[in-house]
Amino acid sequence: MAADAAAAATDLRVTAFGALALAVKFYLTITIQGGQRFRGGSRPPEDKGLLRVPGAAAVQSFGTDQASVSAKARLDDIRWQRIVNNDLENLPLGLILAYASLQSPASHTVHRVAVITFVVSRILHTWAYANKKQPHRAIFWFVGVSSALALAINAALGSLYD
């Protein structure tokens with residue numbers, strides 16, 4: 001029993017710190033995206049004087065005034081929007097599966113490895129996307145999805161043995 005309690009405590013720590021790492025990563029990502037939106041001119045018009053962002057477009061128009069923004073600024077804005085969208089598609093389900101696996105892991109080792117792999121792959125996916133690295137981005141996405149599926153399988157199998 002003591003060994004099970006110790007394993008469960010370690011699982012909780014790995015999951016909690018993984019969630020913390022993903023939260024910090026996400027908040028850094030949306031902060032960068034916010035700056036890119038200023039540079040791309042895609043903020044609401046009332047945001048024009050909100051912050052002094054280096055390279056911000058002269059006009060903030062939800063991106064409708066393309067004449068005042070360089071093509072590079074528009075592309076960077078879209079790239080960071082897509083990075084955030086990808087996080088919104090993958091992080092919630094991955095974390096739900098991590099906490100499901102935490103509740104009834106068939107294997108504590110599988111749980112820990114899958115959580116760590118999910119967290120690292122999502123961080124590396126953001127890096128690869130931001131730095132235009134392909135096939136790295138696709139590989140990191142696939143590894144993240146695979147680790148999330150491993151968490152789901154671990155949880156399902158663990159529920160059969162309780």
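Numbering starts at 1 and runs along the sequence shown. Just so it is clear, the model here is predicted, and its values are computed rather than measured.
Between the side chain of Asn90 and the backbone N or O of Asn86, at least one donor-acceptor pair lies under 3.5 Å. With Ser121 contributing its side chain and Phe118 its backbone, the two residues share a donor-acceptor pair below 3.5 Å. Although no hydrogens or angles enter the test, the distance criterion places a donor-acceptor pair under 3.5 Å between the side chain of Ser104 and the main chain of Ala155. Under a 3.5 Å cut-off, the side chain of Ser42 and the backbone N or O of Phe38 do not form any donor-acceptor pair. Although no hydrogens or angles enter the test, the distance criterion places a donor-acceptor pair under 3.5 Å between the side chain of Asn131 and the main chain of Trp127.
In this structure, the side chains of Arg122 and Leu22 come closer than 4.5 Å at one or more pairs of heavy atoms. Looking at heavy atoms from C-beta onward, Arg112 lies out of side-chain contact with Thr15 at the 4.5 angstrom threshold. Between Thr31 and Leu28 the shortest side-chain heavy-atom distance does not fall below 4.5 Å. Contact check for Leu20 versus Val24: side-chain heavy atoms found under the 4.5 Å cut-off.
Residue Lys133 places its NZ atom among 12 or fewer non-hydrogen atoms of other residues, nucleotides or ligands, all under 6.0 Å distant.
A donor atom on one side chain and an acceptor atom on the other are not found under 3.5 Å apart for His111 and Asn154. Counting only N and O atoms by type, the side chains of Gln81 and Asp77 include a donor and acceptor under 3.5 Å apart.
Under the ring-ring contact (aromatic ring centres under 6.0 Å, His included) criterion, Tyr129 pairs with His125, not counting sequence neighbours.
Ile139 and Phe142 are assigned to two separate hydrophobic clusters, defined by single-linkage of ILVMFWY side chains at heavy-atom distances under 4.5 Å.
Considering CG of Asp11 and OG of Ser101, their distance stands at 7.5 Å, rounded to 0.5 Å. From Ile83, atom CD1 reaches atom CZ of Phe26 across 12.0 Å, with rounding to the nearest 0.5 Å. For the atom pair CZ (Arg79) and NZ (Lys72), the distance works out to 9.5 Å, reported to the nearest 0.5 Å. Expressed to the nearest 0.5 Å, how far CG of Leu50 lies from CD of Glu46 amounts to 9.5 Å.
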Could you go through Leu124 and His136, starting from their C-alpha distance and side-chain angles, then the distance that decides it, and tell me whether this counts as side-chain contact (heavy atoms from CB on, under 4.5 Å)?
CA-CA 8 Å; Leu124 291 173; His136 306 80; over 6 Å; no
Steps toward side-chain contact (heavy atoms from CB on, under 4.5 Å) verdict (Ile123, Phe140):
CA-CA 9 Å; Ile123 292 168; Phe140 295 136; over 6 Å; no
Stepwise, does the salt bridge (charged side-chain N to carboxylate O under 4.0 Å, His left out) test hold for Arg37 with Asp47?
CA-CA 11 Å; Arg37 292 186 70 83; Asp47 287 0; over 6 Å; no
Before you tell me yes or no, could you show the steps for Lys48 and Arg43 under side-chain contact (heavy atoms from CB on, under 4.5 Å), namely the whole-Å CA-CA distance, both residues' side-chain angles and the distance that decides it to 0.1 Å?
CA-CA 8 Å; Lys48 182 177 182 228; Arg43 300 286 302 205; over 6 Å; no
Going through the checks in order, is the side-chain contact (heavy atoms from CB on, under 4.5 Å) test met by His108 and Thr10?
CA-CA 9 Å; His108 294 287; Thr10 300; over 6 Å; no
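Here the closest heavy-atom approach between residue Gln36 and residue Trp80 is recorded as CG-CD1, 3.4 Å. Heavy-atom minimum distance, Ala150 versus Val110: O-CG1, 4.4 Å. Smallest separation of non-hydrogen atoms from Ala138 and Gln134: N-OE1, 3.2 Å. Taking every heavy atom of both residues into account, Leu151 and Leu97 meet most closely at CB-O, 3.8 Å.
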